[in-house]
Protein chains: 2
Amino acid sequence: MRKGRATREKLMDIAEVAVLSKGFGATSIEEIIAEAEITKSGFFYHFKDKNELARALLQRYLETEDRILDNLFDRASELHDDPLHAFLIGLKLMSEMMADLPSGHPGCLVATYCYNERLFDRDVQEINREAVLRWRARFLAVFEEIAAVYPPSDDVDFEALADMVSTIVEGGIVMSKAVREPKVLAEQIMMLRSYIKLLFLPVQN
Amino acid sequence: MRKGRATREKLMDIAEVAVLSKGFGATSIEEIIAEAEITKSGFFYHFKDKNELARALLQRYLETEDRILDNLFDRASELHDDPLHAFLIGLKLMSEMMADLPSGHPGCLVATYCYNERLFDRDVQEINREAVLRWRARFLAVFEEIAAVYPPSDDVDFEALADMVSTIVEGGIVMSKAVREPKVLAEQIMMLRSYIKLLFLPVQN
DNA sequence: CTTTTACTGCACCGCCGGTGCGGTTTTTCA
DNA sequence: TGAAAAACCGCACCGGCGGTGCAGTAAAAG
């Protein structure tokens, strides 16, 4: 019961690393079980097929990401009462967190799954879609709260602005991986922060 | 001689669609030759192995992308002499181009290759890396030209700003694919445009 | 009309995803 | 402590795929 959980987690840890560096289709069950030192039968005891592994991987990933985001912006809110400044602090914390990843961000499963869409059945794709829509809703709420206090300097759609947070992170991860410079992701988040500042902070002069 | 080129292009067209929707590892040579109505021997006449297909795909993709970017910003420059306004027009044109893609952006090979890094040898990865660095150089030149005329409202690193263009496009593609809303990519490019406006355009009041 | 190009056909190898099932060890909990 | 449930192992088998090698051939170019 407890042991099974541990083995399952181990399989998923190994699979996640492989999927993020080779794609889902190129990740063989054979290599996963070899690294986990388990038999193929053992693997299929935990996951009835590869698609179930995909679903489990994505769900676990999304849960930890949500927890990290909650934690990060909660901490930021404790550092400043004002919604705008709290969010700016949150972005700074996020940037620092990304910069502290020793060998760069390992990659986002949401992005991988997008570029592997044909490999998954509808429900896995739907989980992915709804996760991104939750991110949209999360940041939309933040920006509406900010806009209630600070009138924006440009007429922007707040849904698009909310999406921009995810866009920058997803794009930043790709860029970091492509040029092999982990700092690019952290810098891009700071660029987003610069935009939010210019958009909502009253001009100082 | 001419016939061979056509077959090669056909194989690459089929492969590119498959790679962008399933990843490189999950794209089988078998399915490519089935769709192209050719034999496996015929395939290996054109590409000595799968890695050479990968290289050819990437190189062709990068060439067409560069041509599209050249064309787009050249057209923009013809519409306005000022570097800032020309670039803002360029972003608008880019956004409209993305919005006009009937079933959304098919995906970027650079991003796919990032999330499939372990599948390719060093030289393919290096081609990918240098392509992104060329994008950086391209937009860096643009922003330096703009900054020579318009002092930026915030102290930003121009290399990071240059990377932001690619970041927004890469991230926007992922977001569009994830939520299955082609317009998201076009909107994100307009968000970038909004930032550039706030960053360089003198405050109007 | 010969050379080059662009293929076809076939045989073969080893790996992989996946299925099925029977047996065994380990853990849990009553 | 001991039975039940959980967590595996072993093995056999299937079809598909990446890839190699090579001999032969149709078509286009010169």
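It should be emphasised that the depicted structure is a prediction, and the values quoted were computed from it without experimental measurement.
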Nearest-angstrom distance from the residue atom [atom1] of [X] to [atom2] of [N]:
X: L11(B); N: dG18(D); atom1: CG; atom2: P; value: 13 Å
X: F43(A); N: dG10(D); atom1: CZ; atom2: P; value: 18 Å
X: F47(B); N: dA6(C); atom1: CZ; atom2: P; value: 12 Å
X: K50(B); N: dC16(C); atom1: NZ; atom2: C1'; value: 13 Å
X: L53(B); N: dG19(D); atom1: CG; atom2: C1'; value: 14 Å
X: K10(A); N: dA7(D); atom1: NZ; atom2: P; value: 16 Å
X: K48(A); N: dG20(C); atom1: NZ; atom2: C1'; value: 16 Å
X: E9(A); N: dA7(D); atom1: CD; atom2: P; value: 13 Å

Next item on the list: Using a 4.0 Å heavy-atom cut-off across all strands, classify S28(B) as base, sugar-phosphate, or nothing.
Entry: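 Result for S28(B) = sugar-phosphate.
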Quick one: does any side-chain atom of [X] pair with a main-chain N or O of [Y] as donor and acceptor, under 3.5 Å?
X: E117(B); Y: K22(A); answer: no
X: N128(A); Y: V110(A); answer: yes
X: E31(A); Y: S28(A); answer: yes

Next item on the list: Consider only side-chain N and O atoms of Y195(A) and S194(B), and report whether a donor and an acceptor are under 3.5 Å apart.
Entry: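 A donor-acceptor contact under 3.5 Å links the two side chains.
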Item checked: Donor-acceptor side-chain pairing of N116(B) and Y115(A) below 3.5 angstrom ->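 There is no such pair between these side chains.
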Next item on the list: Please determine, for the side chain of S41(B), which listed nucleotide (dG18(C), dG21(D), dG10(D)) has the closest atom?
Entry: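 The nucleotide sitting nearest to the side chain is dG21(D).
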Checklist line | Among dG18(D), dC7(C), dC8(D), the one nearest T7(B) by side-chain distance | finding: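 The listed nucleotide nearest to T7(B)'s side chain is dC7(C).
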Checklist line | Estimated bend of the helix from dC1(C)-dG30(D) to dA30(C)-dT1(D) (axis per five terminal pairs, rounded to 10 degrees) | finding: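 One end's axis against the other's: 30°.
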Margin query: What I want to check is whether an N or O donor and acceptor connect the side chain of K40(A) with the base of dG17(C) at under 3.5 Å.
Written below: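 Indeed there is one.
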Margin query: Looking at the base of dG10(D), is there any donor atom on it, or on the side chain of T39(A), that sits under 3.5 Å from an acceptor on the other one?
Written below: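 Side chain to base: no pair below 3.5 Å.
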Check: Any side-chain N or O of H46(A) less than 4.0 Å from the OP1 or OP2 oxygen of dA7(D)?
Finding: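 For dA7(D), neither OP1 nor OP2 has a side-chain N or O of H46(A) closer than 4.0 Å.
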Margin query: Tell me whether the side-chain N/O atoms of Y45(A) come closer than 4.0 Å to OP1 or OP2 in dC8(D).
Written below: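 Checking dC8(D) against Y45(A), no side-chain N or O comes under 4.0 Å of OP1 or OP2.
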Checklist line | Lys/Arg N to Asp/Glu carboxylate O, E126(A) vs R180(B), below 4.0 Å | finding: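 No, this pair does not count.
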Notebook entry, point to check: Could you go step by step and tell me if D154(B) and R193(A) meet the salt bridge (charged side-chain N to carboxylate O under 4.0 Å, His left out) rule?
Noted result: CA-CA 11 Å; D154(B) 193 10; R193(A) 202 185 103 104; over 6 Å; no
Notebook entry, point to check: More 5' along DNA chain C: D49(A) or I38(B), using each one's nearest nucleotide?
Noted result: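 So the residue in question is I38(B).
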